[in-house]
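Working notes for the structure below.
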Amino acid sequence: MGNGSIFVVGLGPGSKEYRTIRAQQALEEADVIVGYNTYLKIIRDVTEGKEVIGAKMKEELFRARITIEKALEGKKVALVSSGDPQVYGMASLLLDMMAKHGYDIPVEIIPGVTAALAVSSKLGSPLSLDYASISLSDLLIPRDEILNRVRKAAEGDFVIVLYNPISKPLLEASMDIIREIRKNPTPVGIVDHAFREDEKVIITDTEEWKKFENVIGMVTTIVAGNSKTYVTGNKMITPRGYERKYSY
Ligand code: SAH
């Protein structure tokens, strides 16, 4: 049949204003939209009249496969991810699957505002020096490997962004490592549902963060500062280094 194509669309953190114009165009152009059910709710404004294929959380393989099948039927398919589709999203699985089977279908990856950037904008400017992004999901990656990355990132004095902080034991182990390596209490930002209904923004530190554990769920991202990160008023700031060179 041919002429099918695939958009892998990053939807941004939630509200429509934070979608890119290209993402919006792709959603409007698509004949078929494939995504995790929660994301399909976020884009209800563009799904009318289209074939919409929802799936539950753990059905990533199904979503990638159906996207390819529909494109092979000649359809324009938008496979959607929240945030950015490369960042713990669907882009690599789709490309991987296509490569393994040797499918030759045009694919456009459309970047989006990933949670690290979205939540950090709510906290102030904690990502203003080198940072590391780590997913605490141990569904695919062994726990030891994850904790080893947390340790190396903390030793490297990176600001650390923790995605998928859903497993309490893994989160606690990670925060223990960060606290142990940073000599002093270090600012920690916790943002739940950034740019969505029921958004919560908390600024705490490596000693006190557990008081807010009840806020942490499936849609929370945590940002632990580096040794220079500080809090003033309700803003978490990682200085870029101007203060080392200039007085202002
Ligand atoms: N592709 C997405 C990440 C998917 S992994 C992106 O680029 O943002 C799912 C994790 O993303 C969640 O567990 C949470 O850590 C984070 N996340 C996604 N949307 C978020 C939001 N609106 N607010 C806070 N964290 C969010």
Side-chain angles (χ1 to χ4, degrees), residues 7-20 22-23 26-27 33-43 55-61 63-64 67 78-96 109-124 126-127 131-141 146 149-150 153 159-172 174-175 178 188-204 209 212-224 236:
F7 297 115
V8 188
V9 184
L11 299 177
S15 75
K16 187 180 169 184
E17 288 74 21
Y18 292 87
R19 244 179 246 167
T20 65
R22 186 65 190 142
L27 294 171
I33 298 187
V34 181
Y36 167 47
N37 288 323
T38 308
Y39 307 154
L40 296 175
K41 274 188 215 146
I42 290 177
I43 53 166
K56 296 209 188 75
M57 192 70 153
K58 288 182 187 153
E59 295 170 355
E60 281 97 358
L61 292 172
R63 273 181 267 158
T67 298
L79 173 62
V80 304
S81 273
S82 75
D84 182 277
Q86 295 178 71
V87 183
Y88 319 121
M90 291 292 298
S92 63
L93 175 60
L94 179 88
L95 293 177
D96 214 17
I109 312 284
I110 301 175
V113 177
T114 188
L117 306 181
V119 308
S120 292
S121 73
K122 294 288 176 181
L123 294 167
L127 298 189
Y131 71 93
S133 153
I134 300 174
S135 168
L136 296 185
S137 166
D138 61 354
L139 285 176
L140 302 172
I141 308 292
I146 296 173
R149 285 204 184 123
V150 171
V159 174
I160 301 174
V161 182
L162 300 173
Y163 283 72
N164 292 308
I166 26 188
S167 143
K168 237 184 183 185
L170 200 46
L171 174 61
E172 287 177 2
S174 300
M175 294 301 280
I178 296 170
V188 169
I190 300 174
V191 184
D192 185 55
H193 284 89
F195 297 93
R196 301 192 199 173
E197 253 176 67
D198 301 324
E199 175 185 276
K200 289 189 191 70
V201 179
I202 288 154
I203 295 182
T204 172
W209 73 275
F212 304 97
E213 223 170 1
N214 61 323
V215 169
I216 300 168
M218 298 286 288
V219 193
T220 309
T221 301
I222 299 175
V223 182
M236 184 171 164

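Whatever order the structure lists ligands and atoms in, that order sets their numbers, starting from 1. Just the heavy atoms: all of them, side chains too, but no hydrogens, waters or symmetry mates, feed the values below.
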Consider every N or O of Y163 and every N or O of ligand 1, then say whether any pair is closer than 3.5 Å.
-> no

Which is it for R196 and ligand 1 at heavy atoms under 4.0 Å: side chain, backbone, both or neither?
-> side chain

Are any of the N or O atoms of M218 closer than 3.5 Å to those of ligand 1?
-> yes

Under 4.0 Å to a heavy atom of V119 - the qualifying atoms of ligand 1, by number = 24 (C)

Short N or O distance, V87 and ligand 1, threshold 3.5 Å exclusive | yes

Under 4.0 Å from one or more heavy atoms of V191, ligand 1 contributes atoms 24 (C)

If we ignore angles and hydrogens, is there a donor and acceptor under 3.5 Å between the side chains of Y88 and S133?
-> yes

For the pair I141 and S135, evaluate side-chain contact (heavy atoms from CB on, under 4.5 Å) and give the outcome as yes or no after the intermediate values.
-> CA-CA 9 Å; I141 308 292; S135 168; over 6 Å; no

In terms of residue, atom name and distance, what is the protein heavy atom nearest to atom 22 (N) of ligand 1?
-> A194 O, 2.9 Å

For G89, is at least one N or O under 3.5 Å away from an N or O on ligand 1?
-> no

Atoms in ligand 1 flagged as close to T221, the criterion being non-hydrogen separation under 4.0 Å | 14 (C), 15 (O), 16 (C), 17 (N), 24 (C), 25 (N), 26 (C)

Quick one: which ligand 1 atoms are inside 4.0 Å of a heavy atom on T114?
-> 6 (C), 7 (O), 8 (O)

Does an N or O anywhere in D84 fall below 3.5 Å from an N or O of ligand 1?
-> yes

Do you see a donor-acceptor pair shorter than 3.5 Å between the side chains of T220 and D192?
-> yes

What orientation do Y18 and F195 show, parallel under 30°, tilted 30 to 60°, or perpendicular over 60°?
-> tilted

Return the residue, atom name and 0.1 Å-rounded distance of the protein heavy atom closest to atom 20 (C) of ligand 1.
-> V219 CG1, 3.6 Å

Using a 4.0 Å heavy-atom threshold (strictly under), name the region of T220 that reaches ligand 1: side chain, backbone, both or neither.
-> backbone

Quick one: which ligand 1 atoms are inside 4.0 Å of a heavy atom on S82?
-> 1 (N), 2 (C), 6 (C), 7 (O)

Given G14, A115, S81, which one has a non-hydrogen atom that is nearest to atom 18 (C) of ligand 1?
-> A115

